[in-house]
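Step one of this worksheet: look at the structure below.
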Amino acid sequence: MTDHSETRWLDDCEQQIWRTFMSASIELQAHLDRQLRVDAGMPVAYYEILVMLSETPERALRMSRLAELCNSSRSRLSHAVAAMEKSGWVSRCAIEGDRRGAVARLTDAGYEALRQAAPGHVTEVRETLFEALTEEQLRALGEIAAALKARLKERGCSRYGRGENC
C-alpha cells in the first residue's frame with residue numbers, strides 16, 4: 001500500500017495538462033472507433049486485432065501474445081476473438097500438447113475486411129492527428145509517446161512484475 005501522507009499534488013498547470021491530455025486521448029480513440037464502426041462495421045479493437053494478425057508470417061498468434069500486443073486482458077481478447085469468429089474473420093484452434101494454449105489465425109475473409117477498412121481508417125488518422133500538428137509537434141509527440149511507453153513499462157515491471165517484456 002502506498003503512503004499518501006507525502007503526496008506531491010499536481011499544480012494548476014500540471015492539472016490542466018493532465019486533463020487536456022486525457023480528454024484528447026479519450027476523444028481521439030472514440031472518434032476512430034466511431035469511424036471504423038460506421039465505415040467498416042467493426043470497433044477499433046477488432047481492427048487492431050486484425051492488424052496484429054496480418055503482420056505475422058502465418059497470420060497467426062498465440063492468444064496470450066496477441067493480448068499483449070493489443071494491450072488487452074486475455075478475457076477481453078477472448079471475447080473479441082469469439083465475436084470475430086462468428087463474422088468469419090478469425091479462427092481459433094488449440095495448441096497441440098498445451099491444454100490451455102490457443103492460436104488465433106486471420107482468415108481470408110478477415111484479411112479482406114482489414115483490407116477494406118484500412119484506407120478509411122488511415123485517412124481518418126492522418127486527417128485527425130497528423131494534419132493537426134506541425135512537423136515539430138509530431139516529432140515531439142513521437143518522443144513523448146516513446147518516453148511514456150518506456151516509463152510505463154518500467155513502472156509496470158517494477159511494481160507488478162507482469163508481462164513477457166519484464
Side-chain angles (χ1 to χ4, degrees), residues 1-2 18-130 141-142 144-166:
M1 192 101 185
T2 304
W18 170 244
R19 289 180 180 178
T20 302
F21 170 77
M22 287 301 297
S23 178
S25 297
I26 291 166
E27 288 178 32
L28 177 60
Q29 190 72 7
H31 178 79
L32 294 174
D33 188 72
R34 280 189 303 273
Q35 178 271 319
L36 278 167
R37 285 178 187 272
V38 168
D39 294 351
M42 72 178 74
V44 74
Y46 292 12
Y47 181 86
E48 289 301 319
I49 292 167
L50 295 175
V51 167
M52 293 301 166
L53 291 172
S54 77
E55 292 176 343
T56 65
E58 290 87 33
R59 297 199 287 190
L61 283 167
R62 231 183 136 89
M63 291 286 288
S64 57
R65 180 65 180 141
L66 184 56
E68 286 177 14
L69 291 171
C70 293
N71 294 313
S72 177
S73 70
R74 289 182 187 187
S75 63
R76 183 174 291 148
L77 178 77
S78 184
H79 178 73
V81 168
M84 293 168 61
E85 279 183 296
K86 289 178 185 171
S87 297
W89 295 346
V90 174
S91 65
R92 186 172 15 184
C93 60
I95 297 172
E96 193 174 322
D98 184 351
R99 294 189 341 197
R100 294 185 54 180
V103 169
R105 182 175 309 281
L106 181 65
T107 65
D108 289 342
Y111 187 78
E112 182 59 23
L114 176 61
R115 196 182 70 69
Q116 293 284 325
H121 180 66
V122 170
T123 297
E124 199 62 34
V125 168
R126 177 167 302 289
E127 291 177 359
T128 305
L129 176 65
F130 289 93
L141 180 60
I144 291 165
L148 283 172
K149 190 169 179 163
R151 180 59 161 214
L152 288 166
K153 180 180 175 185
E154 170 192 309
R155 301 268 304 159
C157 290
S158 69
R159 293 185 84 178
Y160 311 112
R162 294 183 25 217
E164 194 173 282
N165 296 323
C166 290

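The model shown is predicted, which means the values in this text are computed figures rather than measured ones.
- Distance check: Arg34 CZ to Asp39 CG gives 12.0 Å after rounding to the nearest 0.5 Å.
- Taken to the nearest 0.5 Å, the CG atom of Leu53 stands 9.5 Å off from the CG atom of Leu114.
- Taking Arg37 as the reference, Asp33 meet the salt bridge (Lys or Arg N to Asp or Glu O under 4.0 Å) condition, with sequence neighbours excluded.
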Chi angles and distances behind the side chain to side chain donor-acceptor pair (under 3.5 Å) call for Glu27, Ser23: CA-CA 6 Å; Glu27 288 178 32; Ser23 178; 2.8 Å; yes
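- Rounded to the nearest 0.5 angstrom, Arg65 CZ and Cys70 SG are separated by 10.0 Å.
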side-chain contact (heavy atoms from CB on, under 4.5 Å) between Ser78 and Arg92, worked out: CA-CA 10 Å; Ser78 184; Arg92 186 172 15 184; 3.0 Å; yes
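- Across all their heavy atoms, Thr107 and Ser91 have their closest contact at CG2-N, 3.9 Å.
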Walk me through whether Leu50 and Met84 qualify under side-chain contact (heavy atoms from CB on, under 4.5 Å). CA-CA 9 Å; Leu50 295 175; Met84 293 168 61; 3.3 Å; yes
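- Shown here for Val81 and Leu66, the closest heavy-atom pair between the two residues is CG2-CD2, 4.5 Å.
- Nearest approach of Val90 to Ala104, heavy atoms of both residues: CG1-CB, 4.0 Å.
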- [ ] Give the intermediate values and the outcome of side-chain contact (heavy atoms from CB on, under 4.5 Å) for residues Phe21 and Leu148.
- [x] CA-CA 12 Å; Phe21 170 77; Leu148 283 172; 4.2 Å; yes
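- When side chains are defined from C-beta on, Arg76 does not count as touching His79, because their heavy atoms never get closer than 4.5 Å.
- Here the CG-CD distance, from Leu32 to Gln35, works out to 7.0 Å after rounding to the nearest 0.5 Å.
- Residues in residues 29-77 take part in these ring-ring contact (aromatic ring centres under 6.0 Å, His included) pairs, two or more places apart or across chains: Tyr47-His121.
- For the pair Ala67 and Leu77, the tightest heavy-atom approach, listed with the atom from each and the gap, is N-CD2, 3.5 Å.
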Query raised in the report: Between Leu141 and Leu129, does a side-chain contact (heavy atoms from CB on, under 4.5 Å) hold up when you go through it step by step?
Result: CA-CA 11 Å; Leu141 180 60; Leu129 176 65; 4.0 Å; yes
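- Formation of a donor-acceptor pair under 3.5 Å by the Ser54 side chain with backbone atoms of Val51 is found in this model.
- One distance of note links CG of Leu69 with CD of Glu48; it measures 10.5 Å at 0.5 Å rounding.
- Across all their heavy atoms, Met42 and Ala117 have their closest contact at CE-CB, 4.1 Å.
- Between Arg115 and Asp108, no side-chain nitrogen of the basic residue sits less than 4.0 Å from a carboxylate oxygen of the acidic one, so the salt-bridge criterion is not met.
- Across all non-hydrogen atoms, the minimal contact from Arg105 to Ala60 is NH1-CB, 3.4 Å.
- The shortest side-chain heavy-atom distance between Lys149 and Lys153 does not fall under the 4.5 Å cut-off.
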